[in-house]
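Every value quoted in this text rests on a predicted model; they were computed, and no experiment measured them. Just so we're on the same page: letters track the sequence lines, and every chain starts at 1.
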Number of protein chains: 2
Amino acid sequence: MAKRTRVTRPKAARIADVAQLAGVSVATVSRTLARPEVVIEETRLRVLAAVRDTGYMPNISARNLRVRKTMVVLVAVPDIANPFFAEVLQGIDDTLSAADYGLIIANLAGSPGKEARYVDLVCAGQADGVLLLCGHVMRSPDRDLRDARVPLVAACEYIPGEKFPQITIDNVDTAREAVGHLIKLGHTNIAYLSGPKSNILEQQRLEGYRQALREAGIAADAGLILRGDFTFRAGVEAGRALLALEPVARPTALFAANDEMAIGLIKTVHTAGLQIPDDLSVVGFDGIAYADYCEPTLTTIVQPRRDLGATAAAELISLMTNGRAGPRKDIKLPATLMLRDSTRAPRRSPS
Amino acid sequence: MAKRTRVTRPKAARIADVAQLAGVSVATVSRTLARPEVVIEETRLRVLAAVRDTGYMPNISARNLRVRKTMVVLVAVPDIANPFFAEVLQGIDDTLSAADYGLIIANLAGSPGKEARYVDLVCAGQADGVLLLCGHVMRSPDRDLRDARVPLVAACEYIPGEKFPQITIDNVDTAREAVGHLIKLGHTNIAYLSGPKSNILEQQRLEGYRQALREAGIAADAGLILRGDFTFRAGVEAGRALLALEPVARPTALFAANDEMAIGLIKTVHTAGLQIPDDLSVVGFDGIAYADYCEPTLTTIVQPRRDLGATAAAELISLMTNGRAGPRKDIKLPATLMLRDSTRAPRRSPS
DNA sequence: ATGCCGTATGTAATCGATTACATCGTGACG
DNA sequence: CGTCACGATGTAATCGATTACATACGGCAT
């Protein structure tokens, strides 16, 4: 005599179950949930009660199939463990979830096969748009993100020759400012610790370094360019290289293409007895949280990380909703030089 | 005279398009892709050619709807910007993608409304399983993750009173080992820098601290317990508190409930002139990369971060495929004490 | 009284794939 | 020679929601 329909319910409730319980059609249930104002109060209350009683949740796959949208965007990140990207992601996440979009994070670090899987995912209609933080348009063996017919937006790393919007900072200009700061302090013997040659950010920051020297009438010295790859370890190696030089031959200042290398370098030369900033001034790039934690604190270019993410996300949302959006495609955000304890005028007078 | 069917194709190809082009039925196309061995070679080649020509990719929403699976798992992370979790995520990602599962990262940091949205997502059938790194079972206003009828697995933070598998380290035991190391060095005046009171990890590490003291016959002194909250800033505050004490009243060693606080504290007291480890030995907990970058390098408990993630992911996969899995539910992974430069025997003889 | 309009709701087509079941040959075996 | 089995493929039901269109009803104007 038990009410068997209620007692045994192994599976999740469907819209038809709600409709039956409320004594209305499925269309009415759907409308009640999507546009409550079009059903009269009495029905609405009956439906909502039935929704509560059944614990109904619309099946998202079914909805996506029908409306041909997913309300999801994919974000391609070179390495999620990199604190810089973690903060950009925060900005993206905030903006996207405020607009009721979900977020799939494609962490490209690790096995290279991942990239292809994510491309296929998007091509299979599992995302309405893609945010590229990774400096290139992703591809799978026989497909390309552009085949996916969804809007793309790039941020952080500029991708030359593409027609979608790109949200970046002006790396050339900002690097020039960083090196200009060292020059204003009186340094003329300024080294550069580079990123990987093929990386666009590296190329731009190097260009900024060169421009600053040129403007100050300082001759570029290829021997002052140390090769790195953006990792802490590369900073350590570069530090060792500096220590191996005769003290008089050492530069009095160094501009690192990112903070992690700067910190690795500082740590190494500091342990070996060099004083920072007295013996060597160091400027970094990025403004990661650790730049303010280390000893001494690091003078660096602070990128507007959250803002980069938020702006890129906003741009993508506008593309996804308006089809084609406004006229301006490339947006440059301001980055600022943050003066801290790792820079000072050179101790020995130059030359 | 142009072949209009090929020239104008604004939308993505559907399985019916492939079938038509190959001159077979949709069933055959589906079978060719899912179980190639059941169709004869000739048809298979025709179908595969048609797939290539059309650029066909199966629509995943449609498939998910039909097979009632998504091949996606949701991972709830307290804060993605925390490097500890970033590495756990790597382990999860590797294991999951090797098994062809996708991954949605639910970053709980930021607006509290997010948690609810993710719960609804799972209840709406958008994930086949959930990995909880966040120390609690997530809820939305009128739902709970347990209502979602998908397997759950917890990792990193133990959730008491739950029946799903939990992959953690033995925090009590490991904290005891860390403090035991200080005791073996000869310290008797050992402070503890805590996490937030309500956090389970904090409670367990505090318990380990107490056990170590008790076993060594050292009386616990409530004045030696400094309140923190796992942030760098809390470490700085605690450092200031130590500096405010009379030098003779200061502890000779300190155990911090995590690395970030330990590093904040070291930085503060070091800048004020205290020598680490000579004036104060410090042990941290977690083993984040920065523990090896800072000055001095930090003696700490290294958690098997990747392994925690990989093991939890493997357990979840087994639950998702076998329904109920093996008998063992709670797995403890070994964490190891990494000796570095922040600990040493006390300078002044104890007592 | 008739016809028309607007409002609330119901009916059924639709999204695109998977798959149970039906069909059609073909070869083997009694 | 008939039937049976099996292998390859086709037909159509199905997953669960959204929504265009149909219907029914009440009120209002003529």
Side-chain angles (χ1 to χ4, degrees), chain A residues 9-48 50-51 54-72 120-121 123-126 128 148-149, chain B residues 9-48 50-51 54-72 120-121 123-126 128 148-149:
Chain A
R9 185 170 347 104
K11 306 266 78 188
R14 301 171 333 277
I15 196 173
D17 302 328
V18 177
Q20 188 180 1
L21 183 57
V24 298
S25 73
V26 294
T28 300
V29 175
S30 181
R31 278 190 286 252
T32 304
L33 266 21
R35 300 187 304 285
E37 70 280 5
V38 305
V39 304
I40 65 175
E41 167 118 5
E42 192 228 320
T43 357
R44 187 189 332 145
L45 293 178
R46 274 220 315 284
V47 169
L48 292 178
V51 166
T54 53
Y56 169 72
M57 288 256 21
N59 179 305
I60 297 191
S61 295
R63 167 185 299 163
N64 289 350
L65 173 59
R66 180 63 229 250
V67 304
R68 299 150 152 285
K69 297 205 329 177
T70 63
M71 294 303 283
V72 162
D120 285 352
L121 201 80
C123 291
Q126 279 301 86
D128 295 341
R149 309 164 177 289
Chain B
R9 187 174 341 109
K11 305 267 77 187
R14 302 173 332 276
I15 196 173
D17 302 328
V18 178
Q20 189 180 2
L21 183 59
V24 298
S25 72
V26 293
T28 301
V29 175
S30 181
R31 278 190 285 254
T32 305
L33 266 21
R35 300 187 305 284
E37 70 279 5
V38 305
V39 305
I40 66 174
E41 167 117 6
E42 192 228 320
T43 357
R44 189 190 330 148
L45 294 178
R46 275 219 317 284
V47 170
L48 291 178
V51 166
T54 53
Y56 169 73
M57 289 253 25
N59 179 304
I60 297 191
S61 295
R63 168 185 297 164
N64 289 349
L65 173 60
R66 181 63 231 244
V67 305
R68 299 150 152 285
K69 297 207 329 176
T70 62
M71 295 303 283
V72 163
D120 285 353
L121 202 80
C123 291
Q126 279 302 86
D128 295 341
R149 310 166 175 287

Residues A:Thr70 and A:Asp128: side-chain donor-acceptor under 3.5 angstrom: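 Note: A:Thr70 and A:Asp128 side chains meet the donor-acceptor criterion.
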To the nearest Å, give me how far apart [atom1] ([X]) and [atom2] ([N]) are.
X        : N      : atom1 : atom2 : answer
B:Ile15  : C:dT19 : CD1   : C1'   : 11 Å
A:Arg46  : C:dT9  : CZ    : C1'   : 11 Å
A:Arg44  : C:dT7  : CZ    : C1'   : 14 Å
B:Leu45  : D:dT9  : CG    : C1'   : 16 Å
A:Leu65  : D:dT14 : CG    : C1'   : 12 Å
B:Gln126 : D:dG16 : CD    : P     : 14 Å
B:Arg63  : D:dA17 : CZ    : P     : 21 Å
A:Arg66  : D:dT18 : CZ    : C1'   : 5 Å

Which is true for [X] with a 4.0 Å heavy-atom rule: it touches a base, it touches only sugar-phosphate, or it touches nothing?
X       : answer
B:Arg31 : base
A:Thr28 : sugar-phosphate
A:Val24 : sugar-phosphate

According to a strict under-4.0 Å criterion, is A:Arg68 in side-chain N/O contact with OP1 or OP2 of C:dT14? no
Is there a side-chain contact between B:Tyr56 and the phosphate of C:dA17, meaning an N or O under 4.0 Å from OP1 or OP2?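 Yes, within the criterion.
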Heavy atoms, side chains only, cut-off 4.5 Å: are B:Arg44 and B:Glu41 in contact?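 Heavy-atom side-chain distance check passes, below 4.5 Å.
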Using heavy-atom distances to pick each residue's nearest nucleotide on DNA chain D, tell me which of B:Ser25 and B:Ala62 is more 5'. B:Ser25
Among the nucleotides D:dT19, D:dA17, C:dT19, whichever has the atom closest to the side chain of A:Ala27 is D:dT19
Out of D:dT18, C:dT9, D:dT14, whichever nucleotide has its closest atom nearest the side chain of A:Thr43: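 Of the candidates, C:dT9 comes closest.
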Applying the side-chain contact (heavy atoms from CB on, under 4.5 Å) test to A:Leu33, which of A:Thr28, A:Val18, A:Ile15, A:Leu48 qualifies?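 By the side-chain contact (heavy atoms from CB on, under 4.5 Å) criterion, A:Leu33 pairs with just one of A:Thr28, A:Val18, A:Ile15, A:Leu48: A:Leu48.
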Determine the minimum heavy-atom distance between A:Ala22 and A:Ala50, stating which atoms define it.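 Heavy atoms only, the tightest pair is CB-CB, 3.8 Å.
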Might you work through the side-chain contact (heavy atoms from CB on, under 4.5 Å) test for B:Val47 and B:Val39, ending with a clear yes or no? CA-CA 10 Å; B:Val47 170; B:Val39 305; over 6 Å; no
